Amino acid sequence: DIHEAKHGRLGGAVVRLARVAAEAGSLASLLQFMGRDAEAIPLIERSRKTLIATYGPNHPQTIFITYRLGLARLDSAPAEAEAIFHSALLAWLARQPERHIVVAMLLNGLAGAHHRQHHSAEAVAFSQQAIDLFADPGLLEKIAIGKRSHREAGRHADAVHDHLEVVDHP
């Protein structure tokens, strides 16, 4: 991750690439917040390509930006968003735990994509899987611990992100 890169393990060029991807992702996030998904999509795609080239498709940062691409495509191209969420879920499960908030977020994205395509049964099934994960008290405890450790390490942006995940997905 960027923390490793700053400590010299990955080299200066990777640090610069990661910073460019992070900045593009931040700008895209702002545009999405303002409802300007069409403008955010090229930035998200650029950030995603950079993260794939830098860290690979299964890295948590790559998966998170892929999730954001799915969100940006959800209203305009729900079938494409479904494929994006599905590929991100498979990438996550290839190397990360199954019971994690990212899995619940991706399941929720899949539910939204199916809902927009009028696939009610699939939407309900994915929603229920996401709810089941959020109902796990152990998962919420892990998130709280992650927030605290990010904050103590001075990684305030990560702590805020973790907090928003809990607030946005109670």
Side-chain angles (χ1 to χ4, degrees), residues 1 21-22 24-52 54-144 146-147 150 157-170:
D1 66 0
S26 295
L27 180 56
S29 181
L30 178 61
L31 289 168
Q32 281 182 289
F33 180 75
M34 295 175 7
R36 295 165 56 182
D37 287 342
E39 294 172 72
I41 289 170
L43 292 169
I44 295 169
E45 289 173 338
R46 175 182 173 191
S47 181
R48 185 171 178 268
K49 285 178 186 175
T50 301
L51 289 170
I52 288 171
T54 305
Y55 301 128
N58 295 350
H59 190 276
Q61 289 181 11
T62 305
I63 293 166
F64 185 72
I65 200 74
T66 302
Y67 164 76
R68 295 221 348 254
L69 179 61
L71 289 178
R73 296 269 190 211
L74 198 54
D75 289 326
S76 63
E80 184 179 334
E82 176 190 349
I84 291 168
F85 290 131
H86 188 257
S87 71
L89 181 60
L90 292 177
W92 179 270
L93 294 175
R95 66 180 274 201
Q96 301 293 334
E98 182 178 326
R99 296 192 64 79
H100 193 279
I101 193 160
V102 171
V103 174
M105 290 168 40
L106 293 167
L107 290 170
N108 194 44
L110 282 165
H114 280 284
H115 174 74
R116 282 166 179 81
Q117 296 175 80
H118 308 288
H119 303 157
S120 298
E122 292 89 346
V124 169
F126 283 119
S127 290
Q128 188 59 54
Q129 289 177 39
I131 289 168
D132 290 346
L133 283 174
F134 284 125
D136 177 6
L139 181 62
L140 295 177
E141 182 179 334
K142 287 178 196 172
I143 294 165
K147 270 178 40 181
H150 286 317
D158 291 335
V160 168
H161 174 265
D162 289 349
H163 172 74
L164 290 174
E165 289 305 318
V166 174
V167 171
D168 289 344
H169 306 285

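The structure displayed is predicted, hence computed values, not measured ones.
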Legend entry - Of Leu90, Thr66, Leu74, the residue whose pairing with Phe85 passes side-chain contact (heavy atoms from CB on, under 4.5 Å): Leu74
Inset, instruction - Hey, could you give me the OG1/CD distance between Thr50 and Gln61, rounded to the nearest 0.5 Å? - result: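 Going from the OG1 atom of Thr50 to the CD atom of Gln61 covers 12.0 Å.
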Inset, instruction - Any chance you could measure Phe64, atom CZ, to Leu51, atom CG, to the nearest 0.5 Å? - result: 11.5 Å
Legend entry - Whether over 12 other heavy atoms sit under 6.0 Å from His119 NE2: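 For His119, atom NE2 is crowded (more than 12 foreign heavy atoms under 6.0 Å).
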Legend entry - Atom CZ of Arg116: over 12 foreign heavy atoms under 6.0 Å: yes
For the student: nearest non-hydrogen atoms of [X] and [Y], plus distance:
X     : Y     : answer
Pro57 : Ala91 : O-CB, 3.7 Å
Ala28 : Leu43 : CB-CB, 3.9 Å
Ala72 : Ile41 : CB-CG1, 3.6 Å

Legend entry - Plane angle bin for Trp92 and His100 - parallel if under 30°, tilted between 30 and 60°, otherwise perpendicular: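 His100 vs Trp92 ring planes: tilted.
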Inset, instruction - Show the numbers, then the answer: is there a side-chain contact (heavy atoms from CB on, under 4.5 Å) between Leu71 and Tyr67? - result: CA-CA 6 Å; Leu71 289 178; Tyr67 164 76; 3.5 Å; yes
Legend entry - Ala24 backbone acceptor or donor facing Arg46 side chain under 3.5 Å: no
Inset, instruction - In sequence, state the C-alpha distance, the side-chain angles, and the governing distance for Ile44 and Gln32, and then conclude on side-chain contact (heavy atoms from CB on, under 4.5 Å). - result: CA-CA 10 Å; Ile44 295 169; Gln32 281 182 289; 3.7 Å; yes
Inset, instruction - Indicate yes or no: at least one non-hydrogen side-chain atom of Val102 is less than 4.5 angstrom from one of Gln96. - result: no
